[in-house]
Chemist: 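I have a structure here, written as structure tokens, and I will follow up with some questions on it.
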Amino acid sequence: MTFGGLLTRHVLPTLRLAIPVMIARAGLLVMTTVDTLMCGRLNADEIAFYGIAQVPQMALLLVGVGLLMGVVVVTAQLDGAGRFEECGRIWRLGLLNALAIGVLVGLLLWPGEAVLSMLGQDAMVVKGGGPAVTMFAVGMPAIFLFTASSAFLEGISRPLPGMVVMALANLLNAGLNALFMFGPLEWGAEGAALATSITRWAMALVLIGYILIMPGRHTFGVTAPMAGHWRLQTRLARLGWPMAISFALEHGAFFAAGTFAGWLGAVSLASYHIVLNTIALIYMLAIGIAVATGVRVGNAVGIGDVAGMKYAGWVGVGIGALTMLTIMPLLMLANEPIARLYTDDVAVVQMAATGLLIAAWILVSDASQGILIGALRGAADIWPSLLIQTASFWLIAIPLCYFFSFYAKYNIYGLLFDLFFGLTTACLLLGWRFAILTRRHVGMVT
């Protein structure tokens with residue numbers, strides 16, 4: 001394929017889909033970033049309380065999101081195959097799943113202090129972070145309803161509404177933060193979590209309302225009868241469960257390291273949360289590319305185009321790696337000013353700034369493995385990547401994190417170095433798997 005053909009058939013279509021998804025996904029982390037920054041205006045302890053509340057909340061959130069990722073995979077394949085009316089039915093099945101998952105996760109998080117106690121946190125952290133965990137529980141059904149709806153829209157290559165809703169949601173969240181965190185209430189981290197939950201409900205209701213009235217809703221079967229399509233529930237579950245485990249393995253490694261940071265003390269916990277929040281915000285760019293790559297791979301699978309699947313996957317990886325290589329030196333040069341945005345606590349700033357130097361190297365490996373996961377999910381090739389993630393994160397990275405942080409006394413720097421090693425291992429193995437997959441025909445899931 002010529003460079004011009006590659007540009008017009010793969011690079012530009014991937015970017016057109018990826019950029020709105022990048023902005024929408026980044027919006028989720030911007031919300032967390034604003035919460036963290038506003039906690040820092042109170043004191044460093046509030047950052048630690050908010051950061052530890054994020055550990056169980058985000059771990060369960062990502063598992064739930066994984067369970068719902070079958071929506072975007074199946075929708076993209078159906079859209080690519082021209083079976084448009086079935087896409088809306090997938091969305092409604094996704095909503096039912098989202099509501100059930102959200103209620104269950106909310107109930108698990110509701111006893112916030114007990115949850116943090118089970119994670120081995122000290123009494124001060126439990127008392128400060130527990131109420132924030134409970135407030136996150138309130139919004140869990142909403143964020144899953146929003147996830148299912150945005151996954152449907154991304155699967156039919158309409159990511160713009162999700163981006164607009166997310167942008168407006170961040171304005172709402174900032175206003176609610178000012179109300180709950182400061183002034184007469186002064187709820188701190190608990191107030192930030194409550195503001196996030198209220199905002200998540202607004203996001204879900206607005207996006208669902210848009211889908212019900214959007215142009216083309218009849219073409220995509222948004223209100224078509226469900227008769228004969230409940231069978232697709234088993235296919236969504238077949239994709240969703242391994243994806244949920246995959247999300248838990250990948251992102252759970254970061255949150256397991258966050259739990260270790262909590263054992264190291266409040267300064268280490270606050271510093272790690274600043275580093276994690278910063279690289280997670282940048283990683284949302286990779287998530288956007290991964291979603292776009294997965295959709296385009298799914299479209300190619302839907303029409304049986306193995307060559308198109310290969311180009312879609314590797315173009316996505318190339319765009320992601322180039323993006324992160326561009327950002328990496330900027331992050332390294334601005335590490336201390338970034339840390340000072342969160343807090344003026346000298347000890348936290350020093351540790352977080354050094355941690356960001358290490359985190360800059362994490363970006364390329366993390367983005368590349370994330371986009372390869374997206375490509376493999378688009379092809380519904382789930383279990384091999386699951387085994388790769390298990391080995392890379394939980395047999396290599398996490399044991400090394402524990403050893404180098406507690407026995408070798410490298411503090412959070414040991415956590416970050418070992419996460420980089422695990423992510424690089426995953427990247428190489430996932431690339432090898434995708435290369436094998438694109439040498440043979442891959443059929444549709446449905």
Side-chain angles (χ1 to χ4, degrees), residues 21 24-25 27-28 31 56-79 86-110 135-156 158-159 161-163 165-166 169 196-214 217 220-224 226 229-248 251 287 291 294-295 377 382 445-446:
V21 178
R25 292 295 193 277
L28 290 170
M31 198 176 295
Q57 186 262 155
M58 286 299 292
L60 292 175
L61 172 61
L62 290 165
V63 171
V65 168
L67 286 169
L68 295 170
M69 281 298 97
V71 174
V72 70
V73 173
V74 177
T75 300
Q77 292 188 355
L78 290 170
D79 186 51
E86 295 180 58
C87 296
R89 296 183 175 106
I90 293 295
W91 170 61
R92 281 182 287 159
L93 285 174
L95 287 184
L96 292 175
N97 292 339
L99 186 60
I101 295 165
V103 170
L104 176 60
V105 170
L107 291 174
L108 291 173
L109 291 174
W110 185 259
M135 289 299 102
F136 277 128
V138 174
M140 297 313 293
I143 191 59
F144 291 127
L145 291 169
F146 176 81
T147 298
S149 299
S150 59
F152 162 69
L153 290 170
E154 289 160 7
I156 61 172
R158 293 191 184 186
M163 181 191 77
V165 169
M166 181 56 64
T196 296
S197 287
I198 293 173
T199 301
R200 285 172 172 178
W201 277 108
M203 290 161 52
L205 294 174
V206 170
L207 200 60
I208 290 170
Y210 167 78
I211 292 172
L212 291 173
I213 63 171
M214 73 178 187
R217 59 188 179 278
F220 286 102
V222 166
T223 58
M226 293 298 295
H229 286 81
W230 294 104
R231 60 181 174 76
L232 293 174
Q233 174 67 8
T234 59
R235 288 180 167 83
L236 288 178
R238 195 178 72 203
L239 283 170
W241 277 109
M243 285 189 185
I245 298 170
S246 173
F247 270 60
H251 298 282
I287 289 291
V291 170
V295 169
R377 286 172 184 155
I382 308 299
V445 169
T446 55

Chemist: Between Ala137 and Gly106, which heavy-atom pair has the shortest distance, and what is it?
Modeler: CB-O, 3.3 Å

Chemist: Could you work out, with side-chain contact (heavy atoms from CB on, under 4.5 Å) as the rule, every residue matching Leu207, not counting sequence neighbours?
Modeler: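 Once residues adjacent in sequence are excluded, the partners of Leu207 under the side-chain contact (heavy atoms from CB on, under 4.5 Å) criterion are Phe146, Ser149, Ser150, Leu153, Pro161, Val165.
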
Chemist: So do the side chains of Phe144 and Leu95 get within less than 4.5 Å of each other, counting heavy atoms only?
Modeler: no

Chemist: With sequence neighbours left out, what residues match Phe152 under ring pair (Phe, Tyr, Trp, His ring centres under 6.0 Å)?
Modeler: Trp91

Chemist: Holding to ring pair (Phe, Tyr, Trp, His ring centres under 6.0 Å), I want the full list of residues that pass it with Phe136, two or more places apart in sequence or in another chain.
Modeler: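 Result, ring pair (Phe, Tyr, Trp, His ring centres under 6.0 Å) vs Phe136: Tyr50.
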
Chemist: Applying side chain to side chain donor-acceptor pair (under 3.5 Å), can you list everything that pairs with Asn97, at least two apart in sequence or on another chain?
Modeler: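 Checked Asn97 against side chain to side chain donor-acceptor pair (under 3.5 Å); matches are Gln233.
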
Chemist: Could you state the interatomic distance from CD (Glu86) to CG (Asp79), rounded to the nearest 0.5 Å?
Modeler: 11.5 Å

Chemist: If you compare all heavy atoms of Leu78 against all heavy atoms of Cys87, which two are closest, and at what distance to 0.1 Å?
Modeler: CB-SG, 4.0 Å

Chemist: Tell me, please, which residues at least two apart from Leu60 pass side-chain contact (heavy atoms from CB on, under 4.5 Å).
Modeler: Val105, Leu108, Leu109

Chemist: Kindly give the heavy-atom pair with the smallest separation between Ala98 and Ala148, and that separation in Å.
Modeler: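 For Ala98 and Ala148, the tightest heavy-atom pair comes out as CB-CB, 4.2 Å.
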
Chemist: Enter the distance from Phe220:CZ to Thr75:OG1 here, rounded to the nearest 0.5 Å.
Modeler: 10.0 Å

Chemist: How far does CG of Leu99 sit from CG of Leu145, to the nearest 0.5 angstrom?
Modeler: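 Atom-to-atom, Leu99:CG and Leu145:CG are 5.5 Å apart.
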
Chemist: Picking from Ile208, Ile143, Ile198, what satisfies side-chain contact (heavy atoms from CB on, under 4.5 Å) with Met203?
Modeler: Ile143

Chemist: Under 3.5 Å, is there a donor-acceptor pair between the side chain of Arg89 and the main chain of Val222?
Modeler: no

Chemist: Counting C-beta onward and ignoring hydrogens, is there a side-chain heavy-atom pair between Arg217 and Thr223 closer than 4.5 Å?
Modeler: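 Of all side-chain heavy-atom pairs linking Thr223 with Arg217, none is under 4.5 Å.
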
Chemist: Measuring from atom CG of Leu61 to atom CD1 of Ile101, what distance do you get when rounded to the nearest 0.5 angstrom?
Modeler: 11.0 Å

Chemist: So, for Ala142 and Ala204, which heavy atoms are closest and what is the spacing to 0.1 Å?
Modeler: O-CB, 3.4 Å

Chemist: Rounded to the nearest 0.5 Å, how far apart are CE of Met163 and CZ of Arg158?
Modeler: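 Between Met163 CE and Arg158 CZ, I get 15.0 Å after rounding to 0.5 Å.
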
Chemist: Residues two or more places apart in sequence or in another chain: which of them pass side-chain contact (heavy atoms from CB on, under 4.5 Å) with Met135?
Modeler: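 In terms of side-chain contact (heavy atoms from CB on, under 4.5 Å), with neighbours along the sequence ignored, Met135 is linked to Glu190, Ala193, Leu194.
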
Chemist: If you measure from CE on Met140 to CZ on Arg200, what distance do you get to the nearest 0.5 Å?
Modeler: 5.5 Å

